[in-house]
Amino acid sequence: MSDTKKRNLSVLGPNEFTGIKLREPAQYAAGLPAVKVALQHAFKEMGVVKSLHTLSHMNQKDGFDCPGCAWPDPEKPSKLGEYCENGVKALAEEATNARVDTNFFAKYSVEELSRWSDYQIGKSGRLTEPMILKPDSIYYEPISWDEASALIAEQLHELNSPDEGVFYTSGRSSNEAAFLYGLFVRAFGTNNMPDCSNMCHESSGVALNETLGIGKGSVKLDDFDKAELVMVIGQNPGTNHPRMLSALQKCKEIGGKVISINPLEEAGLIRFKNPQEVKGVLSSGTTLTDIHLQVKINQDVSLLKLIIKKLAVLDEDSQNVFDHKFINEYTDGYEDLLRHIEKYSEKELLDLCGVEEQVVDNAVQLLAHNNKIIICWAMGLTQHKNGVQNIKECVNLLLLKGSLGKPGAGTCPVRGHSNVQGDRTVGIMHHVSPELNKAIEDTFGFIPPDKEGLDTVHAIEAMYNQKAKVFIALGGNFLSAASDTKYTAKALQNCELTVNISTKLNRSHLITGKTALILPTLGRSELDTKDGKPRFFTVENSMGKVHQSKGLLKPASRDLKSEPEIIGSIASAYFRDSHPVDWKNLSKDYKLIREKIELVIKGFKNVNNRSKGSGFYLPNNVRDLDFSKLPNQKAQFSLCDTPKHQLKENEFILMTIRSHDQFNTTIYGLDDRYRGIYNERRVVLMNKVDMDMYTLNKLDVVNIISRYDNTERVASNFLVIPYNIPQGNLASYFPETNVLVPYNHFADKSNTPISKSIVVIIEKT
């Protein structure tokens, strides 16, 4: 065997069924079932004593940040536990007692492991020591840390250009690790820093930067206590951000209203039983959604435009629906927007969005009579060809209502991984920032590159075409997370070297370059020490607050290193101690890293002290109504076109979704409890009318096929399930259906894959 091309690998894993069981979809989220399931996961992976001890420190001011989502902690976290069901599952996965060690890799070849499901792979356990997969082997073998760093350095030195290296970052990394990683990549000489933001909220960042001057949301957690109306669009908080349900509950308790906009009616937005309250367990819970607008997939602009059009009519009659004082003082483009919406008839917009007009009118009345409005969204808006325009239309509505820069109002992009926003703040980006480059040069004495780097989709293309030859991932599961799975697999296999800095085994460790390294690192919950003294790192939540995180568990192995130490070792080996930055010492002293962050990144003054306790908020110009960096020093209205999907008679639009037993590409279990789907992931949700039209019955087996640019992509063996979803629309889980997403079809400006609006056909087997 001479290279990886001869390894008999399964890129997609098995496509066998696992024994589906169906029940009626749930009518509420959380409650006792959530507590029961969460503890079952924790006790199974960690044991009872370890579970209870560790959970008592998660999301507490003196503890560690949840390794799951980025939802912020309240100022006074509950002593009963400031975590949700999926947060417990995330901790259980990280702090599991199972181990993937030398004996494991000697027993199982990468060929055999590749035929396991993502669920089976993830359940294998924690990685314990550095491993290498050599070009002529199908088995990982141990390698020392020094040898691993030297091998990486050697491969990087052999590149013809620094731009032949790709350096990916997952949102799990700390601010300290991400800053040091970005510093090394720039010192190496490239801006090829794709990150997980490219695949999820990049559309949010682009849209918010262009309209409001900052690529982040503007609300704080306590704004939900003051909001009169919260709109939740393209998001399923009951599964993806369950702690958000507590914020929505508080909003309802003070008399606020909630409008949900989504193709699926999700249990978490129907009713919430708060497990931290006696009434939440014993009573029927809190009804959250007042109005649900069941929009067709990717017709959010059509719906929002219809709402704005109807509000404009009311405002013309009364002059008090829109906040004209705010519009005149702070915005630019209002008259252009009014002329733009005149191009569309109400009937045209109604037909496009598919929502009943009376339901739309009910939502319009709520919007007309309230001004403290928060709009929340997630990937249901961002992962489309027009993802940027989706967010801009949300901003249009907030600007018209003057719902920015005041309590109870603003933008709320709900981030996924717990420090994905922090990574971008401290410098992980493929774009060039002259301001950042100058600060790095002044602080560290080297000149960073000024050529724009590769984002995720273009990094994949470069590796596929052998224009990039070394791939290093700081966390994440790149293969399973990216679009066009088979194309991405070939891209990785074309590399000379792939390196994964990870806590758990995943599919990206099996579909690799000619040589592959696994470098195991500490988890969030584990004690990180230097000279016997504990160290802490910092993270930024989805609302721009920076705070410390400090683990407490005994590390899974003595051979684990922290992410900064791993980065420092690689950098030190590459530069061979002939660089202005003292990489090795800097990587061991997190306090020193933070001092450097303070010098380079605005808003981090006195970060070593301010990050302790509940932490501090970073500057946010929208909260101050400062739009001085924008044209005419005003917030910008946008002219957004409605999407036009020219579907053929037998075509559908498919959106990828998560199951309830899942966070990103990590599969905790096989149950989607809230949707009533148990012990199976290979399913496609379909409207019953569509099923009848194509003579499909419940649990018929189908292949899902996409055809873009004369290329056919197939997700085989899926069970049809009748579900309450708009006609012409389908939904199915990722990563199983990522194979259908073409790598070269993505959002305008943000390059985010079109994972939520894939044109497909259904073929009965």
Side-chain angles (χ1 to χ4, degrees), residues 22-30 86 200 230-242 244-245 248 258-272 287-300 302-304 352-356 359-360 363 376-384 390 414 416 645 652-663 671-678 680-691 698 704 718-734 736-737 754-758 760 762:
L22 296 177
R23 299 178 187 171
E24 288 297 313
Q27 294 302 303
Y28 70 90
N86 272 5
C200 54
V230 177
M231 300 180 72
V232 182
I233 311 180
Q235 184 195 358
N236 176 18
T239 287
N240 301 335
H241 313 92
M244 179 179 173
L245 299 181
L248 294 176
V258 174
I259 295 175
S260 61
I261 300 176
N262 203 46
L264 299 177
E265 186 179 46
E266 304 287 12
L269 287 170
I270 297 174
R271 187 176 295 275
F272 172 51
T287 299
L288 294 183
T289 295
D290 296 280
I291 300 173
H292 176 63
L293 302 171
Q294 190 171 26
V295 67
K296 291 180 180 178
I297 290 175
N298 195 27
Q299 290 298 339
D300 304 275
S302 303
L303 176 57
L304 291 168
L352 285 171
C353 72
V355 182
E356 292 183 14
V359 184
V360 176
C376 310
W377 68 86
M379 269 66 81
L381 287 192
T382 63
Q383 292 180 328
H384 300 277
N390 283 336
V414 184
H645 294 285
F652 297 86
I653 296 182
L654 170 79
M655 63 177 182
T656 64
I657 58 175
R658 292 179 184 172
S659 78
H660 191 61
D661 260 354
Q662 175 182 358
F663 183 75
D671 296 340
D672 194 352
R673 191 171 77 250
Y674 292 162
R675 297 191 184 104
I677 303 167
Y678 292 79
E680 186 57 75
R681 292 185 53 81
R682 305 191 71 82
V683 299
V684 56
L685 309 186
M686 192 172 189
N687 186 286
K688 184 64 168 63
V689 174
D690 288 333
M691 290 175 59
K698 182 169 70 174
I704 312 172
F718 282 73
L719 297 168
V720 177
I721 295 179
Y723 208 82
N724 180 15
I725 188 171
Q727 280 185 251
N729 292 175
L730 305 171
S732 194
Y733 303 132
F734 71 85
E736 288 83 357
T737 47
I754 58 166
S755 302
K756 294 295 184 284
S757 53
I758 317 158
V760 300
I762 295 290

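FYI, side chains are in, hydrogens and waters are out, and symmetry mates aren't considered; it's all heavy atoms of this structure.
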Q. Which heavy atom in N390 sits nearest to a heavy atom in L304, and how many Å separate them?
A. O-CD1, 4.4 Å
Q) Do N86 and T239 touch side chain to side chain, with heavy atoms closer than 4.5 Å? A) yes
Q.
Any non-hydrogen side-chain atom of F272 less than 4.5 Å from a side-chain atom of T287?
A. no
Q.
Less than 4.5 Å apart, side chain to side chain, heavy atoms only: is that true for V684 and I704?
A. yes
**Q.** Separation of K688 NZ from K698 NZ (nearest 0.5 Å)
**A.** 10.0 Å
**Q.** From D661, L685, L719, residue fulfilling side chain to side chain contact (heavy atoms under 4.5 Å, CB included) relative to I677
**A.** L685
Q. Do V230 and I259 come within less than 4.5 Å of each other through their side chains, counting heavy atoms only?
A. no
Q) Judged by modelled atom types alone, do H645 and N298 share a side-chain donor-acceptor pair under 3.5 Å? A) yes
Q. Is there side-chain contact between R675 and N236, with heavy atoms separated by less than 4.5 Å?
A. yes
Q: Ignoring hydrogens and angles, tell me if any N or O in the side chain of N687 forms a donor-acceptor pair with the backbone of V689 under 3.5 Å.
A: yes
(Q) Using every non-hydrogen atom in the two residues, find where Y674 and Y28 come nearest and quote the distance to one decimal. (A) CE2-O, 3.9 Å
Q. Step by step, would you call V355 with Q294 a side-chain contact (heavy atoms from CB on, under 4.5 Å)?
A. CA-CA 6 Å; V355 182; Q294 190 171 26; 5.6 Å; no
Q) Can you tell if the side chain of L269 reaches within under 4.5 Å of the side chain of P237, non-hydrogen atoms only? A) yes
Q | Stepwise side-chain contact (heavy atoms from CB on, under 4.5 Å) check, Y678 with R23 | A | CA-CA 8 Å; Y678 292 79; R23 299 178 187 171; 3.6 Å; yes
Q. Counting distance only, does the side-chain N/O of Q662 pair as donor-acceptor with the main-chain N or O of N240 below 3.5 Å?
A. no
Q | CD1-OG1 distance between I758 and T656, expressed to the nearest 0.5 angstrom | A | 5.5 Å
Q: Please answer whether the main-chain N or O of L264 pairs with a side-chain N or O of Y723 as donor and acceptor at a distance below 3.5 Å.
A: no
Q. Taking atom CE of M379 and atom SG of C200, what is their separation to the nearest 0.5 Å?
A. 5.0 Å
Q) Between the side chain of E266 and the main-chain N/O of G268, is any donor-acceptor distance below 3.5 Å? A) no
Q: Report the C-alpha distance between L288 and I270 in whole Å, list the side-chain angles of each, state the deciding distance to 0.1 Å, and finish with yes or no for side-chain contact (heavy atoms from CB on, under 4.5 Å).
A: CA-CA 6 Å; L288 294 183; I270 297 174; over 6 Å; no
Q | Non-hydrogen atoms of L293 and A363 that approach each other most closely | A | CD1-CB, 4.1 Å
Q) Where is the tightest heavy-atom contact between H292 and S260, given as atom of each residue plus distance? A) ND1-OG, 2.8 Å
Q. If you round to the nearest 0.5 Å, how far is CE of M655 from CD1 of I754?
A. 15.0 Å
Q. Of the non-hydrogen atoms in P263 and K296, which two are nearest, and what is the gap between them?
A. CG-C, 4.4 Å
Side-chain donor-acceptor contacts of residues 725-734 below 3.5 Å, not counting sequence neighbours, with atom names and distances?
unit_1	atom_1	unit_2	atom_2	d
N729	OD1	I297	N	2.8
S732	OG	V683	O	2.6
Y733	OH	D672	OD2	2.6

Q. Would I233 and D300 count as a side-chain contact (heavy atoms from CB on, under 4.5 Å) if you check the C-alpha gap in whole Å, the side-chain angles of each, and the deciding distance to 0.1 Å?
A. CA-CA 8 Å; I233 311 180; D300 304 275; 3.7 Å; yes
Q. Could you state the interatomic distance from NE2 (H660) to CZ (R673), rounded to the nearest 0.5 Å?
A. 4.0 Å
Q. Can you check whether E736 reaches F718 side chain to side chain, under 4.5 Å on heavy atoms?
A. yes
(Q) Within this structure, what is the OG-CD distance for the pair S755 and Q383, rounded to the nearest 0.5 Å? (A) 4.5 Å
Q. What's the shortest heavy-atom distance between L245 and A29, and which atoms?
A. CD1-CB, 3.9 Å
